[in-house]
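First comes the structure, then the notes that go with it.
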Number of protein chains: 2
Amino acid sequence: MGRWLPNREGLKMDFLLQELRRAGYRITDARRAIVQALVNASRPLNPQELYEAARVQHPRVGLVTVYRTLEALLELGMVQKVHGEQGCVGYVYTGRGHRHVAWCRACGRAFIFEGQEDLSSLEQSLERTLHFRVEGHLLQLTGLCAECQART
Amino acid sequence: MGRWLPNREGLKMDFLLQELRRAGYRITDARRAIVQALVNASRPLNPQELYEAARVQHPRVGLVTVYRTLEALLELGMVQKVHGEQGCVGYVYTGRGHRHVAWCRACGRAFIFEGQEDLSSLEQSLERTLHFRVEGHLLQLTGLCAECQART
DNA sequence: GGCCTTACTGAAAACGTTTTTCAGTAACTC
DNA sequence: GAGTTACTGAAAAACGTTTTCAGTAAGGCC
Ligand SMILES: [Mn+2]
Ligand SMILES: [Mn+2]
Ligand SMILES: [Zn+2]
Ligand SMILES: [Zn+2]
């Protein structure tokens with residue numbers, strides 16, 4: 001069964017489990033372990049990495065359940081994909097709402113922030129020139145986090 | 001060998017072949033067919049689709065060569081991946097330089113435009129609050145193109 | 001608490017996509 | 001035209017993801 005120490009990420013974890021519960025999913029040891037591994041991760045994890053991290057708490061967990069849990073969390077808008085140069089580098093906890101990712105190219109950590117950027121002039125420009133009506137966007141930033149700048 | 005009718009996309013095709021040549025690649029019938037299929041496509045194509053399109057001009061082409069050609073063009077910054085909700089939906093010709101994609105959710109066509117958006121206030125905000133130094137970004141818009149709006 | 005329903009689980013197999021291997025071919029250089 | 005070697009396509013291998021299925025346990029109910 002395992003014990004779940006209250007920590008800084010405990011709140012995120014409780015929130016995620018609550019959201020799963022609200023959506024009709026059952027709370028199982030496998031899901032607890034996967035969700036805990038996800039909120040404790042400092043950088044985006046792919047299914048294989050998340051699987052390995054979850055096995056620390058729940059060694060009997062299967063990789064399939066990781067895929068299924070990620071699917072559910074993605075559906076609920078609780079996690080987002082992070083895109084690298086060659087494809088998807090992993091999934092990261094973002095919580096509810098319109099969020100963006102700033103991804104450090106040196107340490108690989110993801111920093112989540114609310115989408116407060118202003119793309120309205122770009123959207124108007126597209127509307128005028130192409131008559132394209134913008135409905136949504138995918139925006140991800142890359143660069144260097146504070147610590148990795150200092151390390152240089 | 002096949003004939004290459006001069007058309008609107010002929011310029012793009014010549015440019016791509018030229019760029020491949022400049023980078024030291026040899027120009028082969030397979031590459032010609034793949035590049036032609038790519039510039040003639042009105043929407044992002046995945047390797048399988050590009051393979052089928054290229055076979056019209058060069059039926060003996062192999063899917064492997066499509067992968068290798070896409071890798072080269074991506075390396076040269078001539079094509080970009082287009083990201084959908086569930087992952088990469090395909091590759092699209094963008095040409096040299098910082099370009100963005102507006103992707104129509106109805107017809108699937110991609111509209112390429114130069115990156116003239118202003119993210120500086122967002123970047124400054126990230127610099128101030130997180131001390132994150134932004135170096136680059138991935139921005140893709142989704143919505144409805146002019147024709148698909150009219151069709152509603 | 002115990003019972004019942006059924007969502008969930010993990011192992012295995014199946015699957016589709018991408019990469020590697022390799023011997024033959026042909027593009028480019030001289 | 002001859003020589004070098006990058007490129008080709010078929011096949012096999014490797015990879016990541018999804019499906020299948022019989023056993024398990026979560027949550028609702030009394
Ligand atoms: Mn936004
Ligand atoms: Mn831009
Ligand atoms: Zn960093
Ligand atoms: Zn459209």
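Lettering of chains follows the sequences in order, A, B, ..., and the numbering in each one begins at 1. Basis for what follows: all heavy atoms, side chains included, without hydrogens, waters or symmetry-related copies.
Taken from CD1 in B/I34 to CG in B/L73, the straight-line distance is 8.5 Å, to the nearest 0.5 Å. Separating the CG atom in B/L126 from the OG atom in B/S121 is a distance of 10.0 Å, to the nearest 0.5 Å. Here A/L138 contributes atom CG and B/H100 contributes atom NE2; the two are 11.0 Å apart, rounded to the nearest 0.5 Å. One finds the CE atom of B/M78 at 11.0 Å from the CD atom of B/E75 (value rounded to the nearest 0.5 Å). Taking CZ from A/F113 and CG from B/L130, the interatomic distance works out to 8.0 Å, rounded to the nearest 0.5 Å. Note: A/S125 OG to A/F132 CZ = 12.5 Å, rounded to the nearest 0.5 Å.
Comparing D/dT8, D/dG27, D/dG9 against the side chain of B/V61 picks out D/dG9 as the nearest.
A/L20 places its CG atom 15 Å from the C1' atom of C/dT9, with the value rounded to the nearest Å. Atom CZ in A/R55 sits about 13 Å away from atom C1' in C/dA11, given to the nearest Å. Atom CD1 of A/I34 is separated from atom P of C/dT9 by 7 Å (rounded to the nearest Å). Nucleotide D/dT18 holds its P atom 17 Å from the OH atom of A/Y51, rounded to whole Å. Here the C1' atom of nucleotide C/dT29 and the CD1 atom of B/I27 are 15 Å apart, to the nearest Å. Atom CD in A/Q86 sits about 10 Å away from atom P in C/dT19, given to the nearest Å. Atom pair A/R60:CZ and D/dA25:P shows a separation of 9 Å (rounding to whole Å applied). Computed from coordinates, the B/E52 CD to C/dT17 P distance equals 10 Å when rounded to whole Å.
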Do any side-chain atoms of residues 14-27 of chain A form donor-acceptor pairs under 3.5 angstrom with protein atoms, and if so which ones, sequence neighbours left out?
residue	atom	partner	partner atom	Å
A/E19	OE1	A/R96	NH2	2.1
A/R21	NE	A/Y25	O	3.0
A/R21	NH2	A/Y25	O	3.4

Atom pairs and distances, side-chain donor-acceptor, residues 81-92 of chain A, under 3.5 Å, sequence neighbours left out:
residue	atom	partner	partner atom	Å
A/K81	NZ	B/Q86	O	2.9
A/H83	ND1	B/H83	ND1	3.0

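Residue B/L63 is the one, among B/L63 and A/N46, whose nearest nucleotide of DNA chain D lies closer to the 5' end (criterion: closest heavy atom).
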Considering only nitrogen or oxygen atoms on both sides, find all protein atoms under 3.5 Å from nucleotides 3-7 of chain C and state each distance.
residue	atom	partner	partner atom	Å
C/dT6	O2	A/R26	NH1	3.3
C/dA7	O4'	A/R26	NH2	3.3
C/dA7	N3	A/R26	NH1	3.4

For nucleotides 11-14 of chain D, tabulate all protein N/O to nucleotide N/O atom pairs closer than 3.5 Å, reporting atom names and distance.
none

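The shortest heavy-atom contact between A/G108 and A/W103 is O-NE1, 2.9 Å.
The bend of the helix from C/dG1-D/dC30 to C/dC30-D/dG1, defined by the angle between the axes of its first five and last five pairs, stands at 50° to the nearest 10°.
In this structure, B/F111 and A/T129 have side chains that are not in contact, with every pair of non-hydrogen atoms separated by 4.5 Å or more. Looking at B/H137 and B/H98, their side chains come closer than 4.5 Å, going by heavy atoms from C-beta outward. A heavy-atom distance below 4.5 Å is not found between the side chains of A/L38 and A/T69. For the pair A/D118 and B/L122, the minimum side-chain heavy-atom distance is 4.5 Å or more.
Dashed line: the shortest gap from a side-chain N or O of B/T28 to OP1 or OP2 of D/dT8 is under 4.0 Å. Side-chain nitrogen and oxygen atoms of A/H58 include at least one within less than 4.0 Å of the OP1 or OP2 phosphate oxygen of C/dG10.
If you check residues 65-84 of chain B against DNA chain C, the residues with a heavy atom closer than 4.0 Å are B/Y67, B/R68, listed by number.
Counting non-hydrogen atoms of neighbouring residues, nucleotides and ligands closer than 6.0 angstrom, the CD atom of B/E127 exceeds 12 such neighbours.
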